[in-house]
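These notes concern the structure reproduced below.
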Amino acid sequence: MIERVAGQYVDLAADVSRKMQVLEDEIVVLKKAVVNVPKGGGSSKSKLPELKSFGGTRSLKELENFF
């Protein structure tokens, strides 16, 4: 029984090692992609129009036109 458990442990350790290598390779690719992202080429922020000041009147028609 001890030999079987030891064999399972060795198999598990080898599997974890393979998975770690795959993840390390993916991290290398992601690091290269992040380094190659252009900086300052554009802004992801949208330009919003200026808000109109409140004119003092409140009507349902203005609210309907808003939607």
Side-chain angles (χ1 to χ4, degrees):
M1 181 171 167
I2 293 174
E3 291 174 359
R4 183 173 55 112
V5 172
Q8 288 175 345
Y9 175 76
V10 170
D11 291 342
L12 179 63
D15 189 40
V16 169
S17 179
R18 283 190 298 272
K19 288 180 181 179
M20 288 288 293
Q21 185 60 47
V22 168
L23 292 174
E24 287 173 356
D25 294 343
E26 289 180 7
I27 289 172
V28 168
V29 170
L30 290 172
K31 283 182 178 180
K32 288 179 181 178
V34 169
V35 168
N36 292 330
V37 171
K39 296 178 182 167
S43 176
S44 62
K45 293 183 179 180
S46 301
K47 297 212 176 209
L48 298 175
E50 291 290 324
L51 297 175
K52 296 179 182 177
S53 62
F54 179 66
T57 60
R58 296 181 187 192
S59 72
L60 186 59
K61 186 165 183 101
E62 287 182 18
L63 184 60
E64 288 173 355
N65 289 338
F66 181 74
F67 295 108

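The figures that follow rest on heavy atoms only: side chains count, while hydrogens, waters and symmetry mates do not.
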List, by chain and number, the other hydrophobic cluster members for Leu12, where Ile, Leu, Val, Met, Phe, Trp and Tyr join if side-chain heavy atoms come within less than 4.5 Å, directly or indirectly.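 Result for Leu12 is Val16, Met20.
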With a cutoff of under 4.5 Å between side-chain heavy atoms, which Ile, Leu, Val, Met, Phe, Trp and Tyr residues group with Tyr9?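 So far as hydrophobic clustering goes, Tyr9 is joined with none.
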Please list all pairs passing the salt bridge (Lys or Arg N to Asp or Glu O under 4.0 Å) test where one or both residues lie in residues 5-15, with sequence neighbours left out.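 For residues 5-15, and leaving out neighbouring residues, the salt bridge (Lys or Arg N to Asp or Glu O under 4.0 Å) pairs sorted by first residue read Asp15-Arg18, Asp15-Lys19.
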So which pairs with a foot in residues 20-30 pass salt bridge (Lys or Arg N to Asp or Glu O under 4.0 Å), sequence neighbours left out?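 Not a single pair qualifies under salt bridge (Lys or Arg N to Asp or Glu O under 4.0 Å).
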Count the heavy atoms of every other residue, nucleotide or ligand shown that sit under 6.0 Å from CD of Gln8, and state whether that count exceeds 12.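 Above 12, so yes.
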